[in-house]
Amino acid sequence: MTHLKKFRTVSVLKWVSSNFDENHLRSTTPLHPIGYYFFLNVQNPRFYSTKRAPRVTESRENLDKTLNGNGKQLREAQAALLDYLYYTRSLQFGDAENMSKNSPHFLRKLLNCVDNETEVGPSIARFLRYHPINEFEPFFESLGLKPSEYVSYLPRNLMFLTDDGLLLHNYTVLWRYGIARNKIGKIYREAAEVFRYDFEVLESKLQAYEELGISQSALIKFIVASPYLLIGDVNAAFVEVLERLKSSGFETSWIVENLLEDHSYNWSRMLEVLHLFSEMGCSNEQLGQLIGGHPDILFEASGETTFSLIGFLLKFGSTMSEIYSVFLRFPEIQVMKFFLNLRKCILVFNEIEMEAAEIGKIIRSHPLLLGSCAMKKTNSLLAYLKVGKKRLSRYIQENPEELKNWVLGRRVEPLPNVRGDNAQKTQFLLGIGFVENSDKMKNALKVFRGKGTELKERFDCIVNAGLTSEDVCEMIKVSPQILNQRKDVLEMKIDFLVNHLGYPVSSLVDFPSFLAYRIERVNLRVSMYNWLKGQGTADSKLALGTIIAMSDAKFLRVYVNPHPTGPKVWEDFKSKIYSS
């Protein structure tokens with residue numbers, strides 16, 4: 001399973017790397033083993049958007065305008081073409097009528113061939129009597145194809161539709177099955193070989209899908225959205241996607257409702273997305289909640305946008321567990337918009353010359369924030385905030401939450417005086433016992449994010465939890481980054497430590513960096529340790545810092561893997577904790 005996950009991760013990265021322009025970020029040190037050379041081009045992102053079919057036909061109103069508003073000429077031209085196709089060429093009336101009414105470009109060509117504007121009908125009838133037309137032109141146009149598309153489909157040695165019996169037969173099978181004639185052109189464009197099937201072959205393919213329990217009305221939608229389903233045997237990826245979605249609580253009708261007929265869907269890609277979420281630890285119930293709340297995660301570009309987002313986060317060092325957490329807390333926003341916002345934020349960071357390592361830190365710590373903010377342009381921010389690039393870069397690193405105040409449509413106020421803010425931080429540190437200009441003070445000033453007044457509020461929060469000021473001061477000297485978190489976050493973590501894990505608040509003195517770890521990580525480690533301790537395979541006196549601070553790889557190797565069922569229990573805990 002671990003090998004499969006690694007392979008899937010590498011596959012996602014390779015896919016993303018092959019589909020995006022990559023430029024070097026500003027970096028002075030090696031950053032991440034997977035290659036930190038990924039950045040967006042300043043132009044619009046090159047998405048593999050879901051393919052859209054061209055506009056079906058030119059409207060009758062537009063054609064009327066082309067004919068100088070003379071609807072009578074239009075009707076006479078259509079009637080003349082209908083008579084020719086039905087009476088002279090002996091086509092089925094429904095086919096002849098569809099071709100005459102839904103081929104505006106061809107009608108325009110016919111009208112240009114006659115001079116008598118007062119008697120258009122007789123003039124066109126006379127022209128057709130002596131000048132047989134290539135019937136494939138109005139036929140393909142009436143199916144919804146543009147002349148620029150169908151010109152390559154015109155047979156070289158045929159002019160009459162009846163000479164291509166298989167084409168007419170398979171076309172007839174489709175529209176009699178219930179597929180609208182103007183949708184059949186999309187099927188021809190994407191799966192032309194369907195129209196070369198011998199008699200009864202196409203009917204057997206439709207029946208094979210119906211035997212799987214798919215209703216005729218649903219199958220029509222699926223075929224129009226994915227014409228290639230009619231090529232070869234029953235499409236295995238398509239069937240598995242339906243089965244997986246059904247096991248997550250989705251009926252076929254819901255799937256159909258989320259398909260757009262003028263889009264084309266890649267069911268193999270969608271299946272890969274479902275596989276990936278399963279490998280992250282997503283249960284059927286969780287998948288149902290995720291896809292039900294955000295169908296575009298699966299259906300937007302057949303999941304390719306989701307793959308792009310996952311690969312993007314992986315490139316900047318996020319783990320699969322962290323990415324899974326992002327999706328479980330995904331905001332009420334389209335996945336494409338989320339991705340665009342994320343890329344725009346990183347473009348701003350790059351343009352203000354923020355180092356790549358710092359960009360990665362912000363992405364990993366605040367992905368939901370970045371994906372929810374439609375940022376203003378860099379030049380606008382510099383002008384409104386009245387700062388230079390260097391200070392803005394530093395300010396964002398210290399106050400990433402401020403990004404939500406710099407979005408499009410919001411008024412942006414200039415940044416506060418930097419000297420006054422630094423003076424507040426310095427005064428705060430001196431007040432809790434730091435020595436002026438000492439290395440520890442300089443280090444703390446570099447690490448601290450937030451205003452001086454906020455640091456004091458956070459300091460008091462930890463003291464009020466039951467520690468002395470002296471103890472908290474020593475904690476900050478060891479781990480100054482613990483004051484970079486909001487007061488409510490600190491309160492939540494201390495409550496979790498005391499009331500859920502059962503440790504005394506005094507344990508923070510020996511392990512202050514506890515407050516810097518995410519609750520999910522802490523919960524997973526302690527839950528696994530308690531289970532191993534109950535099995536008698538772990539030292540019952542391990543320090544909290546040892547349990548939490550150790551890397552995942554070492555923790556698994558030293559404590560989890562030696563137990564025969566340890567890896568499975570670890571995965572079960574992880575799935576349960578990160579989903580909640």
Side-chain angles (χ1 to χ4, degrees), residues 322 325 361-362 364-366 368-369 394-402 404 416 420-527 529-530 542-550 577:
E322 291 169 340
S325 178
K361 288 180 183 178
I362 297 176
R364 293 191 296 275
S365 61
H366 294 81
L368 294 174
L369 172 65
R394 184 171 62 251
Y395 187 83
I396 290 174
Q397 293 171 49
E398 295 176 350
N399 306 275
E401 293 288 342
E402 282 294 305
K404 64 177 178 290
D421 189 44
N422 281 340
Q424 284 183 335
K425 292 180 182 178
T426 301
Q427 193 63 38
F428 163 73
L429 291 174
L430 291 173
I432 64 172
F434 276 76
V435 177
E436 189 170 8
N437 293 326
S438 65
D439 289 340
K440 287 188 175 180
M441 173 175 273
K442 291 177 182 178
N443 180 56
L445 287 172
K446 288 181 181 179
V447 172
F448 281 156
R449 297 176 181 175
K451 301 174 183 178
T453 53
E454 293 174 334
L455 297 177
K456 180 64 168 63
E457 180 186 52
R458 297 164 187 172
F459 177 88
D460 292 340
C461 170
I462 301 175
V463 172
N464 293 335
L467 298 175
T468 66
S469 297
E470 291 76 13
D471 284 338
V472 178
C473 179
E474 290 302 317
M475 290 168 57
I476 293 171
K477 289 178 180 179
V478 175
S479 301
Q481 72 274 13
I482 65 177
L483 290 189
N484 286 338
Q485 299 171 84
R486 300 190 313 271
K487 177 185 174 184
D488 62 315
V489 175
L490 291 171
E491 290 174 338
M492 177 178 64
K493 290 185 175 181
I494 294 172
D495 175 74
F496 187 78
L497 172 72
V498 176
N499 297 320
H500 292 267
L501 300 183
Y503 284 85
V505 71
S506 59
S507 57
L508 290 174
V509 177
D510 295 325
F511 183 44
S513 58
F514 169 89
L515 295 173
Y517 287 98
R518 292 181 58 188
I519 283 182
E520 292 89 349
R521 176 191 176 101
V522 173
N523 195 7
L524 176 59
R525 289 295 185 88
V526 174
S527 297
Y529 168 68
N530 287 338
L542 277 183
L544 184 62
T546 303
I547 299 171
I548 297 173
M550 190 180 294
I577 290 168

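Predicted model only: the values in this text are computed from it and were never measured.
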Asks: Can you tell me how far CE of Met550 sits from CD1 of Ile548, rounded to the nearest 0.5 angstrom?
Replies: 11.5 Å
Asks: Tell me, do Leu544 and Val526 make a side-chain contact under 4.5 Å, heavy atoms counted?
Replies: yes
Asks: How close do Pro512 and Ile482 get, counting heavy atoms only, and between which atoms?
Replies: O-CG2, 3.4 Å
Asks: With a 4.5 Å limit on heavy-atom distance, are the side chains of Ile519 and Lys493 in contact?
Replies: yes
Asks: Once salt bridge (Lys or Arg N to Asp or Glu O under 4.0 Å) is applied, what residue pairs with a partner in residues 506-518 remain, sequence neighbours excluded?
Replies: Arg518-Glu520
Asks: From Glu491 CD over to Asn464 CG, what is the distance, rounded to the nearest 0.5 angstrom?
Replies: 9.0 Å
Asks: Under 3.5 Å, is there a donor-acceptor pair linking the side chains of Asp495 and Asn499?
Replies: yes
Asks: Should we say atom NZ of Lys487 is surrounded by more than 12 heavy atoms from elsewhere, each under 6.0 Å from it?
Replies: no
Asks: Using modelled atom types only, decide if a donor and an acceptor are shared between the side chain of Thr468 and the backbone of Asp471 within a distance under 3.5 Å.
Replies: yes
Asks: Which heavy atom of Gln485 sits nearest a heavy atom of Leu490, and at what distance?
Replies: O-CD1, 3.9 Å
Asks: Taking all atoms of both residues into account, what is the closest heavy-atom pair of Leu497 and Ser507, and its distance?
Replies: CD2-OG, 3.7 Å
Asks: I need the Tyr529 OH to Ile547 CD1 distance, nearest 0.5 Å.
Replies: 5.0 Å
Asks: Measure the spacing between CD of Gln397 and OG of Ser365 and express it to the nearest 0.5 Å.
Replies: 10.5 Å
Asks: What distance do Ser479 atom OG and Asn484 atom CG have between them, rounded to the nearest 0.5 Å?
Replies: 11.0 Å
Asks: Find out whether Ser469 and Phe459 are in side-chain contact, i.e. whether some heavy atom of one side chain is under 4.5 Å from a heavy atom of the other.
Replies: yes
Asks: Roughly how far apart are Phe514 CZ and Phe496 CZ, rounded to 0.5 Å?
Replies: 7.0 Å
Asks: Over all heavy atoms of both residues, which pair between Ser506 and Leu467 is shortest? Give the atoms and the distance, please.
Replies: CA-CD2, 3.9 Å
Asks: Closest approach of Val505 and Gly466, non-hydrogen atoms and distance?
Replies: CG1-O, 4.3 Å
Asks: If you take all heavy atoms of Ile494 and Ile462, which pair is closest and at what distance?
Replies: CD1-CA, 4.4 Å
